[in-house]
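Please read the structure below before turning to the comments.
One-based numbering along the sequence shown. Numbering of ligands and ligand atoms starts at 1, following listing order.
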Amino acid sequence: MSSRKIILAIDGPAGAGKSTIARRLAQRLGFLYIDTGAMYRAVALWAMRTNTDLADSHRLEQLALAAVIELSPPGSVLLNGEDITALIRTQEVSGAASKVSAVPAVRRALVQKQREMGARQSVVMEGRDIGTNVFPDADIKIYLDASLDVRAARRLHDLEASGDQANIDGIVREIRERDQRDSTRGEAPLRQAVDAFLVDTSHMTIEQVEQAILKIYRDRTSNGKELEH
Ligand code: DC
């Protein structure tokens, strides 16, 4: 059996369905699931708790370097040993994470951690810059997208499911602002890598998206079946 580490990179804007699909694929393939957005969210939460000015890049860098972030079991997020899984999904943290992620020194600190994780074992890693910056040589690169309306409706559904108050207009505004900031920042902005496969999930079910990516995966890796659970 091959021991080569496989990197499956999934990038795309907020609400395109990255987390759901990345988690399923990781389970299916027996890979580690890494939600890099959760890492930026963890640093943002720590900054909020310590009243750190989000314009203070030096202090934010210190937090990012010092943060001990664990992403297991899959789907859970631990910051310095504390389970913060539910705490990082609020709209407030979303906004702060987007700002924190625009700080180059924060990105350097977290990208370093992400590369270390990917060097240890095969991973499905999702984020904004995985295929363009973190692992430019990733074996498979997927760019997941969906229309703004569909993405906002999904976000509303998620927030309601976790008991949060939200309205669709506010969410559309928040996603639009976040997309704008994430795709226009100077350091590693959100964009599709030239060699990434575009999958528009607007009118697809999760099963269809999963099958589409698995097909790409099998076509791209000669040992795809061998590695699959
Ligand atoms: O995917 P998410 O919504 O949990 O990400 C939170 C924020 O982190 C988002 O505004 C963009 C940023 N992010 C990033 O800049 N690079 C990544 N690889 C992942 C997330």
Side-chain angles (χ1 to χ4, degrees), residues 7-23 33-48 54 57 60-61 63-64 67 69 71 74-77 79 84-118 123-136 138 141-146 148 151-152 154-159 162 164 166 171-193 196 201:
I7 308 276
L8 201 168
I10 302 184
D11 291 302
K18 298 188 300 291
S19 301
T20 309
I21 203 67
R23 193 175 313 148
Y33 163 56
I34 298 173
D35 172 1
T36 61
M39 299 172 74
Y40 290 96
R41 286 171 182 270
V43 173
L45 179 71
W46 201 5
M48 284 161 62
L54 297 185
S57 32
L60 289 172
E61 176 184 21
L63 293 183
I69 302 170
L71 300 173
S76 63
V77 186
L79 170 66
I84 55 162
T85 310
L87 300 177
I88 57 169
R89 296 296 159 194
T90 64
Q91 280 181 285
E92 215 188 338
V93 175
S94 298
S98 177
K99 289 180 187 151
V100 160
S101 71
V103 176
V106 169
R107 302 201 68 83
R108 272 197 298 280
L110 296 188
V111 166
Q112 165 84 13
K113 293 183 204 285
Q114 291 154 14
R115 288 189 178 138
E116 285 165 10
M117 291 171 176
V123 294
V124 178
M125 191 175 285
E126 59 133 317
R128 303 290 189 289
D129 64 334
I130 312 305
T132 52
N133 180 47
V134 183
F135 287 109
K141 299 181 187 179
I142 306 292
Y143 190 86
L144 273 197
D145 208 349
L148 180 61
R151 293 189 290 125
R154 287 177 186 160
R155 191 58 98 202
L156 179 66
H157 181 266
D158 287 352
L159 287 169
S162 55
D164 260 5
I171 293 178
V172 166
R173 208 174 319 115
E174 186 251 334
I175 291 187
R176 196 181 277 134
E177 273 172 24
R178 212 140 68 87
D179 283 354
Q180 168 75 8
R181 196 164 35 227
D182 295 344
S183 54
T184 56
R185 66 178 176 229
E187 182 99 354
L190 167 67
R191 65 187 158 74
Q192 184 182 342
T201 69

Please write down residue, atom name and distance for the protein heavy atom closest to [atom].
| atom | value |
| --- | --- |
| atom 20 (C) of ligand 1 | Gly37 CA, 3.5 Å |
| atom 8 (O) of ligand 1 | Tyr40 CB, 3.6 Å |
| atom 12 (C) of ligand 1 | Ser101 OG, 3.5 Å |
| atom 4 (O) of ligand 1 | Arg41 NE, 2.6 Å |
| atom 1 (O) of ligand 1 | Arg128 NH1, 2.8 Å |
| atom 19 (C) of ligand 1 | Thr36 OG1, 3.3 Å |

[X]-ligand 1 polar pair, N/O distance under 3.5 Å:
| X | value |
| --- | --- |
| Asp35 | no |
| Glu126 | no |
| Lys18 | no |

| said: Check this for me: Arg191, atom CZ, are more than 12 non-hydrogen atoms of other residues, nucleotides or ligands nearer than 6.0 Å? | reply: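 No, CZ of Arg191 has 12 or fewer neighbouring heavy atoms, counting only those of other groups under 6.0 Å.
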| request: State whether the number of non-hydrogen atoms from other residues, nucleotides or ligands found under 6.0 Å of Arg173 atom CZ is greater than 12. | output: no
| said: Heavy atoms only: which of Arg178, Arg181, Arg107 lies closest to atom 9 (C) of ligand 1? | reply: Arg178
Which of the atoms in ligand 1, numbered in the order shown and given with their element, are less than 4.0 Å from a heavy-atom of [X]?
| X | result |
| --- | --- |
| Asp182 | 9 (C), 10 (O), 11 (C) |
| Asp129 | 16 (N), 17 (C), 18 (N) |
| Ser98 | 10 (O) |

| Lys99 contact mode with ligand 1 (heavy-atom cut-off under 4.0 Å) | neither
| For ligand 1, the portion of Ala14 having any non-hydrogen atom under 4.0 Å away | neither
| query | With no hydrogens and no angle check, is any side-chain donor or acceptor of Arg176 less than 3.5 Å from a backbone partner on Asp179? | reply | no
Answer whether the closest heavy-atom distance between the side chains of [X] and [Y] falls below 4.5 Å.
| X | Y | result |
| --- | --- | --- |
| Asp145 | Pro13 | yes |
| Ser94 | Tyr40 | no |
| Pro189 | Arg128 | no |

| query | Does Met39 come within less than 4.0 Å of ligand 1, judged by its heavy atoms? | reply |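 No, Met39 has no heavy atom closer than 4.0 Å to ligand 1.
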| request: With Ile142 as reference, evaluate Asp11, Ile130, Ile10 under the side-chain contact (heavy atoms from CB on, under 4.5 Å) test and give the passing residue. | output: Ile10
